[in-house]
A.B. asks: 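Supplied in structure tokens, the structure appears directly below.
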Protein chains: 2
Amino acid sequence: MTRGRSPTIKDVAKVAGVSSATVSYVLNDLNKVTPEVDALVRRVAKELGYSRNNAARALKTGRNNIIGCILPTLTSPVFPEIAQAVQLRAEAHGYATLVIDSGNAPMREEKVVRTLAKHGVDGAVALLHPKFKLADPPIFPIVSLDAKFPGLDSVHADHYAGGRLMAEHAMALGHRRIGMLSGFQDLTSSYERRQGFVDAAAGRVELVWEVNVHLVPQLPPAAVEAIRRREVTMIACVNDLVAIAALSVLKDSGMSAPGDVSVFGFDDMQWASWPLIDLTTIRQPLAELGSRAADLLISRLDDRQRPVEDLVLPVTLVERGSTARVG
Amino acid sequence: MTRGRSPTIKDVAKVAGVSSATVSYVLNDLNKVTPEVDALVRRVAKELGYSRNNAARALKTGRNNIIGCILPTLTSPVFPEIAQAVQLRAEAHGYATLVIDSGNAPMREEKVVRTLAKHGVDGAVALLHPKFKLADPPIFPIVSLDAKFPGLDSVHADHYAGGRLMAEHAMALGHRRIGMLSGFQDLTSSYERRQGFVDAAAGRVELVWEVNVHLVPQLPPAAVEAIRRREVTMIACVNDLVAIAALSVLKDSGMSAPGDVSVFGFDDMQWASWPLIDLTTIRQPLAELGSRAADLLISRLDDRQRPVEDLVLPVTLVERGSTARVG
DNA sequence: TCAGGTCGTTTAATCGTGTAAATAGATAAG
DNA sequence: CTTATCTATTTACACGATTAAACGACCTGA
């Protein structure tokens, strides 16, 4: 057992009786060496338990084989699902993933990017606020999650189509009077979801009330009051978290879904399927979102000149117990 | 604007008219230089937008300023809360955090450790299965989360006391016939929770039935049947996720909590407080768990000889709507 | 005045890889 | 047999930082 530090490329070279360059060539799969030498070097490397020093490699090549994954928060059910997928795919490509939350603040996003840069990530997958100003020149390539972003590769669900799906399903169930808990419209995905809904519903359903809410499971007083007025047969929510908040308010007010009012979510996060919640929703393929973003980022790292790509993934309706045919 | 690569320590040195060593001394806060030179160097560094190349530093010093955070999964409400705290604290110490999930399998845990080693983490915070075999000699320092682990620093809640609290509260509410959804006993925390409960309840409540379950929100048939037999006034669960599964079964079976039976969780994960769930539970300080673990790890990185430390954090009872005085 | 001590700064070696360029050895061509 | 052409391998330097050791300037006390 080699006491002290772990073996270096030179140790391997010495034991194998070749030069360190040869070892490097072998271990990087540039096939520049005889099969015998190749086999020998690999055997010795394995025997010594050699493992490449990433810092040295990074120093020499300028690539760290680490990517970042910037999300607004981890304490929400949707984002970890994405993070997990990013990580898994990155690992398959030999990259580690630095998951980091931006705390939802656009100012912090810029700080987070700098932090990641300091730690030498090669690029990042990020869910960015549209107001985010990307540095010029960009510090590292970024793939935008959840929304298009000018100048960046992006991967996102078809929010607009999702909004339409919602409206169509609502109408199919006979709902004509609908209340809406929409997200603040500066967030692209919130905007598109609403727009899809409104376009599809135009002239055929009445939007009785609408309240903009933050994407957290607590509702502002205005929303609570609106729900309690009992003027609508369905509440369409910008996402599942908000839908759950709506369900909570219903329960507190002695009402229930879908008996008194139907509730419609968006995302299909894991918990939406729990019997206690049992939420009808629009499913976006969270895991695929993450893995495709990772793919896109890595392909970008390999070719900086490739034209910007925008990947739109389809959404589907998931019908559960929180919605019902009207009256 | 310096076209091309980003400025190095030498660029700063040249512009400031000093040697690169001086710049290094300044930027590392070893106070070896005159105040004037110090100020000058800092100014120049800022002007050039200099940022230290972490790879080079890591190569020279053998420290990467990255720690790992190994958790069974991110798609569970408890773990991201811990991860977030670890990350925050690590960042305060100048470390980045590589969050990585081990997928709950002890075999994968060892692979994950190797992966982290490859990416050069200096140490890790990890929630390990007791069967995990740590390499000898250890590749890097690890702080064990959630349970003591022989030879490692550890931080965990006082599961045993939590179990006792549960039992005492149950008895205070008059419950005498209790069913238990306990975790598999090879997991230390599951074992201790159960043991605390059993010890405190000994002779005073009847454990009518008990089923070992995995820590996920789906129950095995045996558990479902047990619940449906309606033989108990309270179901004590190994954690909140399982408690929610129990609530689901109740709902599916036309029963409800606390009307037909009280349900008791453990963890106080974020969602336990949602009105829809409203779970009485034992709270473990998740965020503190994470930040203390990060502290412990970093102190270990600074002093490898320090004796192993075992930090036990107190738990508290959180009474909500899923439990009631027995009819 | 000079030996010795302090202090601030520089010189130079080093960390472990990657890789362009040099080299040696073998083969082929003329 | 000489020369050119490959090919497998090695030599040697660079990447950007840290840091021990060398250095020079200044001060101090005898």
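Throughout, a chain's letter reflects where its sequence line sits, starting with A, and its residues are numbered from 1. All values reported here derive from a predicted model rather than from experimental measurement.
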A.B. asks: Given D:dC15, is OP1 or OP2 found less than 4.0 Å from the side-chain N or O atoms of A:T61?
C.D. replies: no

A.B. asks: Of the non-hydrogen atoms in A:P77 and A:P80, which two are nearest, and what is the gap between them?
C.D. replies: O-CD, 3.6 Å

A.B. asks: Phosphate oxygens OP1/OP2 of D:dA17: is one of them under 4.0 Å from a side-chain N or O of B:Y25?
C.D. replies: no

A.B. asks: If I take atom NZ in residue A:K14 and atom C1' in nucleotide D:dT10, what distance separates them, rounded to the nearest angstrom?
C.D. replies: 15 Å

A.B. asks: Out of D:dT19, D:dA17, D:dT10, which nucleotide sits closest to the side chain of B:S24?
C.D. replies: D:dT19

A.B. asks: Quick one: closest heavy-atom pair of A:V312 and A:A157, and the distance?
C.D. replies: CG1-C, 4.3 Å

A.B. asks: Respond yes when some side-chain nitrogen or oxygen of B:R63 is under 4.0 Å from OP1 or OP2 of D:dT18, and no when none is.
C.D. replies: no

A.B. asks: Taking atom CG of B:N31 as the centre, does the number of heavy atoms from other residues, nucleotides or ligands within less than 6.0 Å exceed 12?
C.D. replies: no

A.B. asks: When the distance from NZ of B:K60 to P of C:dA12 is rounded to whole Å, what number comes out?
C.D. replies: 16 Å

A.B. asks: Let me know the distance between NE2 of A:H119 and P of D:dA17, rounded to the nearest Å.
C.D. replies: 15 Å

A.B. asks: Crowded around B:H214 NE2? As in, over 12 foreign heavy atoms under 6.0 Å?
C.D. replies: no

A.B. asks: One thing to verify: whether B:D302 and B:R63 come together as a salt bridge, which I'm taking to mean a side-chain N less than 4.0 angstrom from a carboxylate O.
C.D. replies: yes

A.B. asks: Which pairs of donor and acceptor atoms, one on a side chain in residues 43-51 of chain B, lie under 3.5 Å apart (sequence neighbours left out)?
C.D. replies:
{"residue": "B:R43", "atom": "NE", "partner": "B:E47", "partner atom": "OE2", "Å": "3.4"}

A.B. asks: Confirm from the modelled atom types if A:K32 and D:dA8 form a donor-acceptor pair under 3.5 Å, side chain to base only.
C.D. replies: no

A.B. asks: I need the CD-P distance between B:E36 and C:dT9, as an integer number of Å.
C.D. replies: 8 Å

A.B. asks: If I compare all heavy atoms of A:S102 with all of A:P72, which pair ends up nearest, and what's the gap?
C.D. replies: OG-CA, 3.5 Å

A.B. asks: Heavy-atom nearest nucleotide on DNA chain D for A:S20 versus A:V37: which residue maps closer to 5'?
C.D. replies: A:V37

A.B. asks: Take atom CG of B:N31 and atom P of C:dC7, then tell me their distance rounded to the nearest Å.
C.D. replies: 12 Å

A.B. asks: Tell me the interatomic distance from B:N53, atom CG, to D:dA14, atom C1', rounded to whole angstroms.
C.D. replies: 13 Å

A.B. asks: What contact category does A:T8 fall into here, base, sugar-phosphate, or nothing, at under 4.0 angstrom with non-hydrogen atoms?
C.D. replies: sugar-phosphate

A.B. asks: Whole angstrom is fine here: how far is it from CG in A:L30 over to C1' in C:dG18?
C.D. replies: 9 Å

A.B. asks: Under 4.0 Å, heavy atoms only, any strand: does A:N28 hit a base, just the sugar-phosphate, or nothing?
C.D. replies: sugar-phosphate

A.B. asks: When you measure from the side-chain N and O atoms of B:S19 to the phosphate of C:dT9, is any distance below 4.0 Å, counting only OP1 and OP2?
C.D. replies: no

A.B. asks: Does D:dA17 have its OP1 or OP2 closer than 4.0 Å to a side-chain nitrogen or oxygen of B:R52?
C.D. replies: no

A.B. asks: Of all the choices, C:dT11, C:dT17, D:dA17, which nucleotide is nearest to the side chain of B:A21 once you look at every atom?
C.D. replies: C:dT11

A.B. asks: Round to the nearest Å and state the distance from A:N54 atom CG to C:dC15 atom C1'.
C.D. replies: 15 Å

A.B. asks: Look at all strands and tell whether A:T22 reaches a base, only sugar-phosphate, or nothing, counting heavy atoms closer than 4.0 Å.
C.D. replies: base

A.B. asks: Taking all heavy atoms of B:D101 and all of B:V112, pick out the closest pair and write down the distance.
C.D. replies: O-CG2, 4.1 Å

A.B. asks: Quick check on the helix from C:dT1-D:dA30 to C:dG30-D:dC1: what's the angle between its two end axes, five base pairs per end, to the nearest 10°?
C.D. replies: 60°

